[in-house]
Amino acid sequence: MASAAIFSSLRRRRSPSLEAFLAPVDLSDVALVQTLVSVTAEIASSFSDKFFSFQKRNSRSLVRKVEIFLVLLEYLRDSGSALPWTAVICLKELYLLLYRSKILLDYCAQSKISTLLDVFPMEDVELGEDVREQIELLQRQARRAKLFIDEGDEELRVQFFSFLDEFEKGRDFCCPISLDLMREPVIVSTGQTYDRSSISRWLEEGHCTCPKTGQMLPNTRLVPNRALRNLIMQWCTAYGIPYDPPECTEASAESFAAASPSKAALAANKATAGLLIQRLEDGSPCAQTIAAREIRLLAKTGRENRAFIAEAGAIPHLCKLLSSPNSVAQENSVTAMLNLSIYDKNKSRIMDEGCLGSIVDVLRFGHTTEARENAAATLFSLSAVHDYKKRIADEEGAIEALAGLLREGTPRGKKDAVTALFNLSTHTENCARMIEAGAVTALVSALGNEGVAEEAAGALALVVRQPIGAKAVGKEDTVVAGLIGMMRCGTPRGKENAVAALLELCRSGGAAATERVVKAPALAGLLQTLLFTGTKRARRKAASLARVFQRCENAAAMHFGGLGVGYAFAGNSAANRDSSFAGDVAVPVSISVPVL
């Protein structure tokens with residue numbers, strides 16, 4: 001199969017200029033002729049001696065015709081006589097023809113020149129006999145001429161269109177990362193499919209997000225997509241494309257064979273790690289800083305590297321450097337800790353060595369912004385283990401520091417903080433601690449930040465499941481408006497989280513919270529939109545919230561004596577309370593909230 005990258009480069013070729021499609025409208029007759037002379041002379045001088053690798057005969061023929069046009073145009077310029085309007089129209093058409101010829105000489109067939117000459121009013125234009133004879137000769141030749149198709153050029157054309165057809169049929173089988181045909185398609189937790197070797201390399205480089213959607217990956221499990229693999233095999237067989245699937249397709253999520261280094265490289269890395277850890281143990285402060293940096297880089301890629309670095313005893317020495325007064329040493333050590341924590345077995349080693357307090361101290365008081373951000377990312381990595389979520393939340397100053405980073409950090413720092421808070425919010429016993437530490441207020445404020453709003457809404461949806469969380473969230477003045485704004489302009493996942501948070505706020509927050517939600521401007525219209533255009537989960541949540549909305553309407557109608565006045569929603573238009581809305585949510589649906 002031809003490489004998709006080649007096709008992409010072809011698609012990125014420079015487009016023709018506007019002169020190829022728009023005739024001049026603001027030029028006088030004299031200026032038009034002068035412009036045509038310049039363009040024609042440029043084509044003649046540029047291409048008369050040019051070597052054409054294909055379409056040689058057609059290209060040479062077109063250049064010769066352009067040279068004859070140059071004779072006509074120079075005569076018109078030098079004569080200075082006025083041109084009839086029909087001649088001006090023809091010259092404007094010639095302007096387009098010349099620019100297109102300049103872009104690609106074989107763009108224009110002889111029939112186009114023949115048509116132009118047939119309508120050119122030679123009897124109305126004063127031409128010399130010699131010029132007239134050349135133009136008439138060109139007219140007769142153009143009428144008789146047929147496009148010459150070189151066998152080699154035709155074969156090249158067929159091959160090229162065959163390539164385009166092949167690419168069009170097979171590009172659904174290309175990995176979004178490598179753009180190559182997938183040999184072993186696997187599905188990640190977001191539902192996207194990648195080639196195992198590409199996504200494995202992505203994960204080993206320390207990424208925690210889906211490359212295509214940008215969503216956080218709750219886990220790194222890779223599930224073989226056997227149905228797609230069978231389709232790829234059938235397609236390759238049908239089109240004669242070589243396909244060599246890997247022998248072992250049942251590898252576990254962490255057996256990234258395609259991305260693993262050789263045994264010799266592993267042995268060399270182990271020896272290097274041993275020397276670096278020795279420097280961490282008894283080297284000078286300068287040597288320790290350098291060693292921490294090298295371990296940071298070595299742990300950046302490769303599950304095996306992370307495993308043997310930790311097994312060799314690096315974690316206790318890196319933990320000591322976390323409190324170093326040297327900002328470079330601290331930054332390197334916390335980043336090395338982050339890289340090591342990506343390997344699941346190292347998470348327990350880090351926690352068992354008592355590093356949590358030191359990591360939190362870096363988050364709170366780190367010397368550099370990058371050190372604080374990487375400490376937050378380390379907490380996010382460690383919080384992937386459920387048993388550690390409560391320990392992290394209970395660590396003094398941890399949630400306060402994450403909330404502060406979410407409020408005032410850089411875009412990257414906000415992202416690290418909100419993902420860590422999201423993970424911590426999945427533990428029900430952390431709700432009170434998050435409220436006390438100001439995390440709820442920070443999450444509500446983050447709803448207005450496009451880069452972190454999705455995760456913030458997801459965390460709030462988890463917090464408000466509990467009455468204490470719903471009460472705290474309900475006290476925030478801007479929470480309903482922020483969630484409504486996400487329902488209007490957020491990502492599909494953000495809209496899911498926003499409508500889920502509003503629904504849980506109604507369920508757990510009592511009558512006052514419910515009244516705030518249903519009185520939100522444009523709620524009915526946004527719910528109706530989600531019912532038609534939202535994701536499956538968003539539609540389910542929107543249907544449940546719509547039933548809450550309707551119950552409030554019905555209760556209000558009964559309160560007013562059944563006069564049919566409806567519930568007076570502040571800011572909602574009559575369109576938002578259309579009677580057809582009830583039919584959209586009448587079908588019973590599940591209202592359970594899955595883990596985000």
Minimal heavy-atom distance between K300 and R306, with the atoms involved, is O-NH2, 2.8 Å
For the residue pair I399 and A393, what are the closest heavy atoms and their distance?
CD1-CB, 3.7 Å
Closest contact, heavy atoms only, A371 versus Q330
CB-OE1, 4.0 Å
Worked check of side-chain contact (heavy atoms from CB on, under 4.5 Å) between M216 and F380
CA-CA 11 Å; M216 297 302 301; F380 164 69; 2.9 Å; yes
Straight-line distance of L318 CG to S324 OG, nearest 0.5 Å:
12.0 Å
Please determine whether the number of non-hydrogen atoms from other residues, nucleotides or ligands lying under 6.0 Å from atom CZ of R349 exceeds 12.
yes
Does the side-chain contact (heavy atoms from CB on, under 4.5 Å) test come out yes or no for M486 and N497, once each step is laid out?
CA-CA 9 Å; M486 282 202 65; N497 293 344; 5.7 Å; no
Stepwise salt bridge (charged side-chain N to carboxylate O under 4.0 Å, His left out) check, E455 with K415
CA-CA 9 Å; E455 294 83 358; K415 194 75 170 180; 2.9 Å; yes
As a quick check of understanding, evaluate side-chain contact (heavy atoms from CB on, under 4.5 Å) for D180 and C175, giving each step before the final call.
CA-CA 6 Å; D180 287 331; C175 175; 5.9 Å; no
Does a donor on one side chain and an acceptor on the other come within less than 3.5 Å for E476 and T441?
yes
Looking at E396, I want to see if its CD is surrounded by more than 12 non-hydrogen atoms of other residues, nucleotides or ligands under 6.0 Å.
no
Without hydrogens or angle criteria, can the side chains of T368 and E331 be said to hold a donor-acceptor pair below 3.5 Å?
yes
Closest non-hydrogen contact found for T335 with N374 is OG1-ND2, 2.7 Å
Distance-only polar pair, side chains of R372 and T369, donor-acceptor under 3.5 Å:
yes
So do I177 and D195 actually touch side chain to side chain, heavy atoms under 4.5 Å?
no
Answer yes or no: are there more than 12 heavy-atom neighbours, outside R296 itself, under 6.0 Å from its atom CZ?
yes
